Amino acid sequence: MTSFFITWLANFKLLLFSFGQGPLASDPSISLPLFVAVACLPIKLQQNPSQKSPLKPRESPSNYAIKGLILVLMIKIYDYRDYMHPKMVLVLYGLHTYFGLEIILAMGAAMARTMTGLELEPQFNEPYLSTSLQDFWGKRWNLMVPSILRPTVYLPTIKACSRVIGRKWAPLPAVFATFVVSGIMHELIFYYLGRMRPTWEVMGFFLVHGLCLTAEIALKKAIDGRWRLHGLISGGLTIGFVVTTSVWIFLPCLSKSQIDVRSLEEYALIGAFIPWRWK
């Protein structure tokens, strides 16, 4: 989690800050501790601290309780992975990543609101309800990453390409460039986690999705709303494509890095540490 936050957030937020943009440049009077927190963690300063934003259904305690229970059951299932098909284990890794990140960030959000009045940036928006790759990557999955890549990569690339191919088609190379940068940063994260020489499989995953999303956007522009698939069909195709390519390209890297073993060891250490601290 630390490598994920620092690799993505600190680097890109400081890059924006050096150009006088982004959340770190929004408040010149920000204190040093708060500056460091906003730079390194998925938090943002509230515009109106006295006004509480309404709780969305996906943010309800019961929703997180169910997902927390599923995560606990999944961790228990790992004890029997020697009897499971390798592809099924990879699917568990993907679900573990989703539920784990959402639960951890929900807990962090609650503490941030209580202790500092800060809000965590939204992380997920029910990605299993996605109806297209554009919907999945732009509005539902790992929202912290698009929010930081949009001003640092996507918008500057659009500005540069608009002069050459026009504003209508400039988003196409901008989307692909964003996925290239995302792939590089994920390779860096995996290096931090496993200290293994990059195999560029993770980069390949993001190149595949970057090409497919670029083609999807180009097709939408060409059709211009004259025809579209039903949401159930497009949603099934989207989730099926994401799951298939993840199991094929992305998730095997988690197994090679033994991230599941490291994560379970960290959970055990945290479980042993907390009772000792409160004795």
Side-chain angles (χ1 to χ4, degrees), residues 4 57-58 63 66-67 69-71 73-75 77-78 80-81 83-103 105 122-146 149 171-172 175-176 178-183 185-187 189-190 199-257 259-260:
F4 174 71
R58 66 174 183 272
N63 187 18
I66 293 172
K67 292 177 179 177
L69 178 60
I70 294 174
L71 180 61
L73 293 175
M74 287 173 52
I75 293 174
I77 292 174
Y78 282 134
Y80 305 95
R81 61 184 170 184
Y83 305 98
M84 300 169 60
H85 192 281
K87 297 298 183 184
M88 188 61 202
V89 176
L90 293 179
V91 172
L92 284 177
Y93 286 166
L95 293 173
H96 188 171
T97 300
Y98 166 52
F99 287 117
L101 280 173
E102 185 153 22
I103 294 300
L105 290 171
Q123 185 66 21
F124 295 98
N125 180 18
E126 311 297 357
Y128 43 81
L129 298 179
S130 302
T131 56
S132 66
L133 287 178
Q134 190 174 16
D135 184 34
F136 179 85
W137 288 112
K139 299 179 180 180
R140 294 187 179 276
W141 179 263
N142 213 354
L143 299 178
M144 174 178 57
V145 173
L149 286 180
L172 301 184
V175 165
F176 187 72
T178 302
F179 273 81
V180 170
V181 173
S182 181
M185 300 309 294
H186 276 83
E187 286 285 357
I189 292 172
F190 272 73
T199 60
W200 302 107
E201 292 173 276
V202 176
M203 184 68 177
F205 172 83
F206 283 95
L207 290 179
V208 168
H209 275 260
L211 287 171
C212 291
L213 179 53
T214 301
E216 177 186 295
I217 295 173
L219 182 61
K220 287 179 178 178
K221 288 181 176 292
I223 295 175
D224 195 22
R226 293 189 296 269
W227 179 81
R228 71 174 57 179
L229 290 172
H230 189 277
L232 290 177
I233 299 176
S234 61
L237 292 173
T238 299
I239 300 304
F241 179 76
V242 172
V243 171
T244 301
T245 53
S246 297
V247 172
W248 171 39
I249 308 175
F250 185 81
L251 294 173
C253 298
L254 296 178
S255 179
K256 292 176 184 178
S257 302
I259 293 177
D260 58 322

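Keep in mind that what you see is a predicted model, and the values were worked out from it rather than measured. Computation of the quantities below employed the complete heavy-atom set of this structure, encompassing side-chain atoms and omitting hydrogens, waters and symmetry-equivalent molecules. Quick note: residue numbers are just sequence positions, from 1.
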Review point. Residues in side-chain contact (heavy atoms from CB on, under 4.5 Å) with Leu95, at least two apart?
Key: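 By the side-chain contact (heavy atoms from CB on, under 4.5 Å) rule, Leu95 matches Met74, Val91, Phe99.
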Closest heavy-atom contact between [X] and [Y]?
X	Y	result
Thr245	Val242	OG1-O, 3.2 Å
Leu149	Ser182	CD1-CB, 4.0 Å
Leu129	Asp135	O-OD2, 4.2 Å
Ser246	Pro252	O-CD, 3.7 Å
Asn142	Pro146	O-CD, 2.7 Å
Val247	Leu90	O-CD1, 3.5 Å

Atom pair [atom1] ([X]) and [atom2] ([Y]), whose distance is rounded to the nearest 0.5 Å:
X	Y	atom1	atom2	value
Phe179	Leu211	CZ	CG	10.0 Å
Thr131	Ile233	OG1	CD1	12.5 Å
Leu251	Leu92	CG	CG	10.0 Å
Ser132	Leu213	OG	CG	8.0 Å
Leu71	Ile66	CG	CD1	14.0 Å
Phe206	Met185	CZ	CE	11.5 Å

Practice item. Kindly determine whether Arg140 and Glu102 satisfy salt bridge (Lys or Arg N to Asp or Glu O under 4.0 Å), including the steps that lead there. Key: CA-CA 12 Å; Arg140 294 187 179 276; Glu102 185 153 22; over 6 Å; no
Review point. Any side-chain donor paired with an acceptor under 3.5 Å for Glu201 and Thr199?
Key: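 Distance-only check passes for Glu201 and Thr199.
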Review point. Taking the inter-plane angle between the rings of His209 and Trp137 on a 0 to 90° scale, is it parallel (under 30°), tilted (30 to 60°) or perpendicular (over 60°)?
Key: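 The arrangement is perpendicular - the two ring planes meet at more than 60°.
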Review point. Can you tell me if NZ on Lys221 sees more than 12 non-hydrogen neighbours from other groups inside 6.0 Å?
Key: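 It does: Lys221 NZ has more than 12 such atoms within range.
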Check your understanding: Can you check whether Phe241's main-chain N or O pairs, donor with acceptor, with Thr244's side chain at less than 3.5 Å?
Key -> no
Practice item. Give a yes or no on whether the backbone of Gln134 and the side-chain of Glu216 come within a donor-acceptor separation of less than 3.5 Å. Key: yes
Check your understanding: Do Phe250 and Tyr93 have ring centroids that are under 6.0 Å from one another?
Key ->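 Centroid distance Tyr93-Phe250: not below 6.0 Å, so no.
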**Study point:** Heavy-atom side-chain contact between Ile77 and Met84 under 4.5 Å
**Key:**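 Touching, per the 4.5 Å side-chain cut-off.
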Check your understanding: Any side-chain heavy atom of Ile70 sitting closer than 4.5 Å to one from Tyr98?
Key -> no
Review point. Stepwise, does the side chain to side chain contact (heavy atoms under 4.5 Å, CB included) test hold for Ile217 with Leu172?
Key: CA-CA 7 Å; Ile217 295 173; Leu172 301 184; 3.7 Å; yes
